[in-house]
Amino acid sequence: MNNLSLFLILSLSISFAASSTLLDKSFMHCMLTKVHNSIEKTVFINSSSLLYPKVLESLEQNPRWLSSSNKPLLIVTPSHESEIQQAILCSKEIGLQVRVISGGHDYEGLSYICKTPFVLIDLVNIRSIDIDIADESAWIQAGATLGELYYKISKTSRVHGFPAGTCPSVGIGGHISGGGFGTLSRKHGLAADHVIDANLIDVNGKTHDRKSMGEEVFWAIRGGSATSFGIILAWKIKLVKVPSIVTAFTIEITSEQEATKLIHRWQYIEHKLHQDLFIRVLAQNNGPNPKRIKAIFNSLFLGGKEKLITIMNSSFPELGLRLKDCIEMSWIQSTLYIAGYKNSDPLEFLLNRTTNYKSSFKAKSDYVKKPIPETGFAGIWRMLRKEDSFALLIMEPYGGKMNEISESEIPFPHRKGNLYNIQYMVKWDKNGIEESKRHIKWMRKLYRYMSPYVSKSPRTAYFNYKDLDLGSNKNRNTSYSEASVWGIKYFKGNFRRLAEIKTKFDPQNFFRNEQSIPLIK
Ligand SMILES: Cc1cc2nc3c(=O)[nH]c(=O)nc-3n(C[C@H](O)[C@H](O)[C@H](O)COP(=O)(O)OP(=O)(O)OC[C@H]3O[C@@H](n4cnc5c(N)ncnc54)[C@H](O)[C@@H]3O)c2cc1C
Ligand SMILES: *[C@@H]1O[C@H](CO)[C@@H](O)[C@H](O)[C@H]1NC(C)=O
Ligand SMILES: *[C@@H]1O[C@H](CO)[C@@H](O)[C@H](O)[C@H]1NC(C)=O
Ligand SMILES: *[C@@H]1O[C@H](CO)[C@@H](O)[C@H](O)[C@H]1NC(C)=O
Ligand SMILES: *[C@@H]1O[C@H](CO)[C@@H](O)[C@H](O)[C@H]1NC(C)=O
């Protein structure tokens, strides 16, 4: 337990007497009258509390909004399902919005900032993980992180794993709601492809399972913005088998010319490689001055190093992989390694709920369907050199299992025909509006530069890399057609079905944010 959670537990005897505002007083009053049994366990932190800035800061994984005025009236930290149900009912009764936070990694801060008065429901205490290894399945509460899940699986079995993202502090609640891509996705698909049941609390405070929510809603929440439909309490997932030994490597290329040649070549093979082999590329400016381009080939292979060398020798000999570049380890060590730790670091690092890379950032994403010519990369390097802060492209290989799942199996539609995904990211340490503006402007310019090279009509994007530049419904009721501008980019032909399901399940649009699924008339 870290100091902060200890501090929270010690501060349970919050006095509800003095009221700074009417709204938070009425909310607490409502909660107190409705949840008699467990209310002592619920932590409330209001904006006049000394704890408030510290807790809020610990929740925000992108500090870009530290000075934002759109902060929660109250932070509620429930320990039990009934408190979440009541928090929904009380918010509705008083006319407040709710926002729910699991791991806090939302790219646009939508889990913790909101333009209208709202209650923040923090699921940090809702995070138990129950693994049934005989059934190869697990129930995971939404506040658990990927790292906690991976760690818990490894304590139960050396030959099981789960296909999900590479950053251990990402929350299960938000991650599966938008898809969930990682090193095992070429072999097994997305995290959301492995959900077999879920508990979802609706706008009336009722908890559903798969059967009572129905197959339509169950379809929608697996990658289609679960937060538009209610609050996920837990997911039931199917685990996958992993070999007891896997191999990882990282090769850095510091010559710009060589980087161009290798990445250009990589585009032709990465999506066709053996499904057990995942090779991603991180292309970044390496500062501070002068800016130099560096390409990092970062890979996980589900097998031993001899077999990997043989595969690489026949499919990507240009990279020149040697036995001594290959590191054999267990799958759980590979999750640490891929996250940027040393594979010999203690596995307990996976339990750290703060991202290693916490700093202000702006990101965008694209899908590539045709290899980009070498001249295209030359232009990307020119752009990267112009940015004075740390900027990078993360290019992740698709193909394999991703090609075998149909576009409408779940709302995530980016399947066959996509060679790879690009995530653009720029990070900065100094906070402030002018500073942010400058980096965001650069990011938009890069995005414009990329338009000839990436998917078109629609220019698609990955919902988990949320980007309000694509359009926003401004946290209001907007028409379906207005919201389609961004909705089709994330969900293609599935967007309309999501809106139809939304309209039936949450007809008042209670669960909403700047990019929630709209109602359809
Ligand atoms: C450093 C970093 C690394 C990443 N790496 C990957 C990666 O490898 N692969 C990948 O696919 N993605 C990756 N992502 C993106 C990540 O999957 C999304 O940002 C995801 O939404 C984060 O989930 P969260 O619970 O941490 O975030 P939160 O900010 O808590 O939530 C994100 C959204 O989901 C909603 N939400 C959260 N919990 C619930 C719930 N219980 N019920 C309903 N709605 C809920 C929130 O309100 C918000 O709208 C990464 C992000 C970061 C910052
Ligand atoms: C807010 O929290 C502070 C500190 O715990 C407390 O003194 C104050 O009474 C609270 N305000 C309301 C409205 O409950
Ligand atoms: C790689 O392939 C070449 C020829 O195709 C062969 O001569 C060489 O021995 C192979 N190397 C390894 C390590 O398999
Ligand atoms: C968790 O990670 C953060 C960021 O890297 C670091 O500052 C902190 O010390 C880590 N905490 C633990 C307990 O490892
Ligand atoms: C949105 O529309 C629904 C249904 O017409 C209505 O009940 C609700 O009050 C509206 N919400 C907002 C924020 O305008």
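Read the numbers this way: they start at 1 and go in the same order the structure lists the ligands and their atoms.
Between N46 and ligand 2, at least one pair of N/O atoms sits closer than 3.5 Å. Between L123 and ligand 1, a contact under 3.5 Å exists for no N or O pair. Considering both main-chain and side-chain atoms, S169 never comes within under 3.5 Å of ligand 1 through any nitrogen or oxygen pair. Of the N or O atoms in I232, one or more lie within a sub-3.5 Å distance of an N or O in ligand 1. At least one N or O atom of G174, backbone or side chain, sits closer than 3.5 Å to an N or O atom of ligand 1. Polar contact with ligand 1: absent for C167 (N/O pair, distance under 3.5 Å). Ligand 1 has a nitrogen or oxygen under 3.5 angstrom from a nitrogen or oxygen of F181. Considering both main-chain and side-chain atoms, N477 comes within under 3.5 Å of ligand 5 through a nitrogen or oxygen pair. Close N/O approach between Y462 and ligand 1 is found [any backbone or side-chain N/O within under 3.5 Å]. Looking at S102 next to ligand 1, an N or O pair under 3.5 Å apart turns up.
Atoms of ligand 2 lying under 4.0 Å from any heavy atom of S48, numbered from 1 in the order shown and given with element: 1 (C). Heavy-atom proximity to I101, at under 4.0 Å, picks out these atoms of ligand 1: 30 (O). Against a heavy-atom cut-off of under 4.0 Å, G230 is close to the following atoms of ligand 1: 43 (C). The distance from ligand 1 to the heavy atoms of G171 drops below 4.0 Å at these ligand atoms: 23 (O), 24 (P), 25 (O), 26 (O). Against a heavy-atom cut-off of under 4.0 Å, M28 is close to the following atoms of ligand 2: 14 (O). Taking every heavy atom of G165 and a limit of under 4.0 angstrom, the matching atoms of ligand 1 come to 7 (C), 8 (O), 9 (N). Annotation for ligand 1: atoms under 4.0 Å from non-hydrogen atoms of S111 are 28 (P), 29 (O), 30 (O), 31 (O), 46 (C), 47 (O), 48 (C). The ligand atoms of ligand 1 that sit less than 4.0 angstrom from a heavy atom of I231 are 42 (N). Listed by number with element, the atoms of ligand 1 under 4.0 angstrom from any heavy atom of A142 are 41 (N).
Using a cut-off of 4.0 Å between Lys/Arg side-chain N and Asp/Glu carboxylate O, E500 and K504 are scored as not salt-bridged. Ionic pairing of E407 and R415 is not present here: no N-O contact between side-chain nitrogen and carboxylate oxygen is shorter than 4.0 angstrom.
Of all protein heavy atoms, the one lying nearest to atom 5 (O) of ligand 5 is K521 NZ, 4.2 Å. Annotation: atom 33 (C) of ligand 1 to nearest protein heavy atom, D106 OD2, 3.5 Å. Looking only at protein heavy atoms, the nearest one to atom 4 (C) of ligand 5 is P507 O, 3.5 Å.
Checking each of W428, Y107, Y424 against F361 for a ring pair (Phe, Tyr, Trp, His ring centres under 6.0 Å) leaves exactly one that passes, namely Y107. With Y462 as the fixed residue, the ring pair (Phe, Tyr, Trp, His ring centres under 6.0 Å) test singles out one of F412, F491, Y420: F412. Each of I201, V119, V100 was scored for a side-chain contact (heavy atoms from CB on, under 4.5 Å) with I88, with one residue passing: I201.
Remark: side-chain polar atoms of H175 are paired, donor with acceptor, to backbone N or O of G165 under 3.5 angstrom.
Distances from atom 8 (O) of ligand 1 to the heavy atoms of T166, T227, I201, I172 show the closest one on T166. Within the set H175, Q423, K466, the minimum heavy-atom distance to atom 23 (O) of ligand 1 is found for H175.
Look at Q508 and you'll find a heavy atom under 4.0 Å from some atom of ligand 5.
Annotation: K342, atom NZ; neighbour count of heavy atoms from other residues, nucleotides and ligands within 6.0 Å does not exceed 12.
Classified by interplanar angle (parallel below 30°, tilted 30° to 60°, perpendicular above 60°), the ring pair F349/Y341 is tilted.
At a heavy-atom distance under 4.0 Å, no atom of R476 approaches ligand 5.
The presence of a protein heavy atom under 4.0 Å from atom 7 (O) of ligand 5 is confirmed.
For the pair K364 and Y447, the cation-pi test (distance below 6.0 Å, angle within 45°) is passed. A cation-pi arrangement is absent between R99 and F511, since the terminal nitrogen or guanidinium carbon is not both under 6.0 Å from the aromatic centre and inside a 45° cone about the axis.
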